[in-house]
Amino acid sequence: QLQLVESGGGLVQPGGSLRLSCAASGFTLDDYTIGWFRQAPGKEREGVSCISDTDGRTYYTGSVKGRFTISRDNAKNTVYLQMNSLKPEDTAVYYCAADGITTFSSMCVNRRTQYDYWGQGTQVTVSS
């Protein structure tokens with residue numbers, strides 16, 4: 001069974017950091033483009049970042065550039081999202097997703113429909 005599991009969410013003060021993990025079971029992540037998305041209450045799910053399956057290229061949505069870093073550890077079959085300088089507006093449920101078909105491009109940040117597999121999400125709350 002193909003499964004993605006996110007972890008690492010929690011409550012953090014503004015300016016703090018968290019590292020989210022996206023672990024795969026049943027398939028090998030290095031064959032897939034991986035995206036991180038988030039959804040705040042009452043809002044649509046939005047793209048945060050994505051990373052290529054081949055050459056490590058990454059893309060970010062504008063609001064997180066310079067603060068978030070996506071990376072992958074193929075040996076651990078895990079993709080990470082390091083989030084620094086967190087702001088209250090980063091509060092959301094964060095999801096990772098995997099796509100094994102689409103040619104990698106900057107569209108991977110926002111094109112939810114290209115992803116075939118999704119995790120259950122992890123809550124990130126930024127509040128003092």
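Nothing fancy with the numbering, it's 1 onward along the sequence.
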Pi-cation contact, Phe37 with Arg45 (under 6.0 Å, within 45°):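 Output no; distance or angle outside limits.
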When you check the gap from the basic side-chain N to the acidic O, do Asp90 and Arg67 get nearer than 4.0 Å?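 A salt bridge links Asp90 with Arg67.
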Between the side chain of [X] and the main-chain N/O of [Y], is any donor-acceptor distance below 3.5 Å?
X: Glu46; Y: Asn110; answer: no
X: Thr28; Y: Asp30; answer: no
X: Asn77; Y: Phe27; answer: yes
X: Thr122; Y: Gly9; answer: yes
X: Ser49; Y: Tyr59; answer: yes
X: Arg72; Y: Ile34; answer: no

For side chain to side chain contact (heavy atoms under 4.5 Å, CB included), just list the numbers for Ile70 and Tyr60, CA-CA rounded to whole Å, side-chain angles, deciding distance to a tenth of an Å, and then say yes or no. CA-CA 9 Å; Ile70 189 172; Tyr60 299 89; 3.4 Å; yes
For Tyr95 and Gln39, what are the C-alpha separation, side-chain angles and deciding distance, and is it a side chain to side chain contact (heavy atoms under 4.5 Å, CB included)? CA-CA 8 Å; Tyr95 301 88; Gln39 189 166 17; 4.2 Å; yes
For atom CD of Glu44, is the number of surrounding heavy atoms from other residues, nucleotides or ligands below 6.0 Å larger than 12?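 No, not enclosed.
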Quick check for you: to the nearest 0.5 Å, what is the distance between [X] atom [atom1] and [Y] atom [atom2]?
X: Thr33; Y: Gln114; atom1: OG1; atom2: CD; answer: 6.5 Å
X: Thr69; Y: Leu81; atom1: OG1; atom2: CG; answer: 8.0 Å
X: Leu4; Y: Tyr117; atom1: CG; atom2: OH; answer: 9.5 Å
X: Ser63; Y: Arg38; atom1: OG; atom2: CZ; answer: 4.5 Å

Could you check Phe104 against Thr54 for side chain to side chain contact (heavy atoms under 4.5 Å, CB included), going step by step and ending with a plain yes or no? CA-CA 9 Å; Phe104 187 75; Thr54 56; 5.6 Å; no
Applying side chain to side chain contact (heavy atoms under 4.5 Å, CB included) between Thr78 and each of Ser21, Cys22, Cys96, Ser71, report the one that passes.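 When Ser21, Cys22, Cys96, Ser71 are each tested with Thr78, the side chain to side chain contact (heavy atoms under 4.5 Å, CB included) holds only for Ser21.
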Kindly indicate, with the supporting measurements, whether the criterion side chain to side chain contact (heavy atoms under 4.5 Å, CB included) is fulfilled by Leu20 and Glu6. CA-CA 7 Å; Leu20 306 184; Glu6 303 94 336; over 6 Å; no
Would you check if the distance from the ring center of Phe68 to the ring center of Trp36 is below 6.0 Å?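 For Phe68 and Trp36, the ring centres are not under 6.0 Å apart.
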Min side-chain heavy-atom separation Thr91-Gln123 under 4.5 Å: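 Contact flag for Thr91/Gln123 side chains = yes.
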